[in-house]
Amino acid sequence: MGQKLRIGVNIDHVATVRNARGEGYPDPVRAAEMALAAGADGITAHLREDRRHISESDIDSLVLITKRRGRPLNFEMAVTREMEAIALSHLPHAACLVPERREEVTTEGGLDIIRGHTAITAVIARLAGAGIRVSCFIDADLAQVAAAHSAGAQVVELHTGAYCQAVRERSPDAERLLENLKAAAREAHRLGLEIHAGHGIDYETVKPVAAIPELMELNIGHFLIGEAIFIGLGPAIQRMRWLMDEARATRAA
Ligand code: PXP
């Protein structure tokens with residue numbers, strides 16, 4: 001705690017736009033270079049089973065440019081043999097285990113570590129054995145935090161999607177969902193885990209999330225890539241960075 005909150009930029013949706021035309025433009029690797037130049041602390045990319053956005057060759061290039069710049073690549077992956085083999089051959093700095101269903105539009109909920117405990121424990125051990133820092137993307141649920149810890153994860157990433165959606169819909173549930181995130185962060189910290197958060201974060205929701213003192217990193221994608229259409233990727237990241245810093249400074253004051 002007390003360290004600067006890192007911002008990881010997820011560039012998946014640059015690839016979504018590229019793939020809509022089946023051509024090579026816009027290039028998510030160029031977006032990653034721009035994000036790092038604009039102050040992103042790391043790059044996140046999700047190689048989905050159906051390859052709907054990021055491709056394996058994108059991962060090849062992202063590994064190279066992040067290593068060259070000394071910044072982490074966070075490789076989001078489903079718990080499958082195929083993704084494990086790809087992670088082990090590319091050796092990204094970090095891997096984030098996420099649930100994946102073919103028909104979902106985006107990662108809809110957290111990983112159920114209680115249900116998949118044996119398989120997830122084994123995957124974490126193999127990835128960690130290769131020097132990859134492993135995180136688990138989970139809902140803000142104390143039992144899932146405990147399961148991530150006992151499965152050997154070094155990091156948990158708390159799913160902020162439900163909270164962010166509640167804020168956008170002006171739902172009375174927003175407050176309770178924020179409290180759940182705070183409680184999960186406290187519990188994960190008590191267990192010695194590093195804590196990240198992400199999904200659905202925009203300029204409005206970033207401040208309450210960033211103010212949670214145990215958080216070390218936010219991973220933000222869709223909103224930043226959308227905002228880049230209007231103001232450019234660098235300025236969008238810099239504004240998000242500024243809001244994160246302001247949330248932390250306000251909390252400390
Ligand atoms: N973190 C994880 C684990 C994710 O799966 C995603 C979405 O790919 C994000 C963060 C970023 O979410 P968003 O694109 O909504 O900002």
Side-chain angles (χ1 to χ4, degrees), residues 5-17 19 28 31-32 35 40-54 58-59 62 72-80 83 87 92-102 104-113 120 133-141 144 148 153-168 181 184-185 188 193-207 209-210 215-229 233 236-237 239-241 243-244:
L5 182 61
R6 299 191 299 264
I7 180 168
V9 174
N10 180 317
I11 41 78
D12 290 350
H13 295 305
V14 179
T16 304
V17 176
N19 295 1
D41 297 294
I43 297 298
T44 292
H46 183 179
L47 182 67
R48 294 187 77 103
E49 184 201 10
D50 62 9
R51 311 294 197 268
R52 67 173 73 153
H53 37 57
I54 293 294
D58 293 329
I59 296 293
L62 291 169
L73 174 67
N74 179 31
F75 176 68
E76 284 184 16
M77 55 174 274
V79 184
T80 64
M83 288 303 150
H93 170 83
C96 179
L97 306 183
V98 299
E100 198 175 298
R101 285 188 300 116
R102 226 169 222 275
E104 70 190 358
V105 175
T106 181
T107 313
E108 282 167 1
L111 192 63
D112 188 345
I113 308 185
I120 291 168
R133 187 200 65 188
V134 185
S135 78
C136 291
F137 187 48
I138 56 169
D139 290 327
D141 177 295
Q144 292 293 345
Q154 292 160 274
V155 179
V156 282
E157 179 167 331
L158 301 177
H159 197 314
T160 50
Y163 165 67
C164 294
Q165 194 178 344
V167 171
R168 271 192 290 281
L181 287 165
L193 293 162
E194 180 172 318
I195 306 133
H196 302 173
H199 211 283
I201 293 175
D202 61 14
Y203 292 152
E204 182 179 11
T205 45
V206 72
K207 286 179 91 173
V209 174
L215 293 184
M216 300 279 288
E217 180 176 305
L218 301 185
N219 284 304
I220 310 177
H222 183 261
F223 179 81
L224 288 174
I225 302 307
E227 190 64 1
I229 294 168
L233 185 57
I237 292 168
R239 170 140 185 83
M240 193 63 84
R241 167 85 267 163
L243 291 167
M244 286 162 61

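A quick note: this is a predicted structure, and the numbers were derived from the prediction, not measured. Counting from 1, the numbers follow the sequence of the chain as shown. Each ligand, and each atom within it, is numbered from 1 in the order the structure gives. Hydrogens, waters and symmetry mates play no part in the numbers below; they use all other heavy atoms, side chains included.
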Taking ring pair (Phe, Tyr, Trp, His ring centres under 6.0 Å) as the test, write out the residues that go with H53, two or more places apart.
-> H13
Per-atom contacts, ligand 1 versus I220 - under 4.0 Å to a heavy atom | 16 (O)
In terms of side-chain geometry, is the basic nitrogen of R241 or D41 positioned less than 4.0 Å from the acidic oxygen of its partner?
-> yes
Considering only heavy atoms of N219, which atoms of ligand 1 have at least one such atom less than 4.0 Å away?
-> 10 (C), 11 (C)
Could you say whether the N/O atoms of G200 and ligand 1 ever approach to under 3.5 Å?
-> yes
Pull out every atom of ligand 1 sitting under 4.0 Å from any heavy atom of E157, numbered as shown with elements.
-> 1 (N), 2 (C), 3 (C), 10 (C)
Any Lys/Arg nitrogen of E204 or R168 sitting under 4.0 Å from an Asp/Glu carboxylate oxygen of the other?
-> no
Here the atoms of ligand 1 under 4.0 Å from any heavy atom belonging to V98 are 3 (C)
Short N/O distance, under 3.5 Å, between E76 and ligand 1?
-> yes
Honestly, for L224 the part within reach of ligand 1 (heavy atoms, under 4.0 Å) is neither
Do H199 and E157 have a side chain donor and acceptor closer than 3.5 Å?
-> no
Polar proximity ligand 1 side, H46 side, N/O cut 3.5 Å exclusive = no
So, N74 and T44: side-chain donor and acceptor under 3.5 Å apart, yes or no?
-> yes
Is it true that atom CD of Q154 has more than 12 heavy atoms of other residues, nucleotides or ligands lying nearer than 6.0 Å?
-> yes
Side-chain H-bond candidate by donor/acceptor type, N219 with E217, under 3.5 Å | yes
Sub-3.5 Å N/O-N/O distance, H222 and ligand 1 = yes
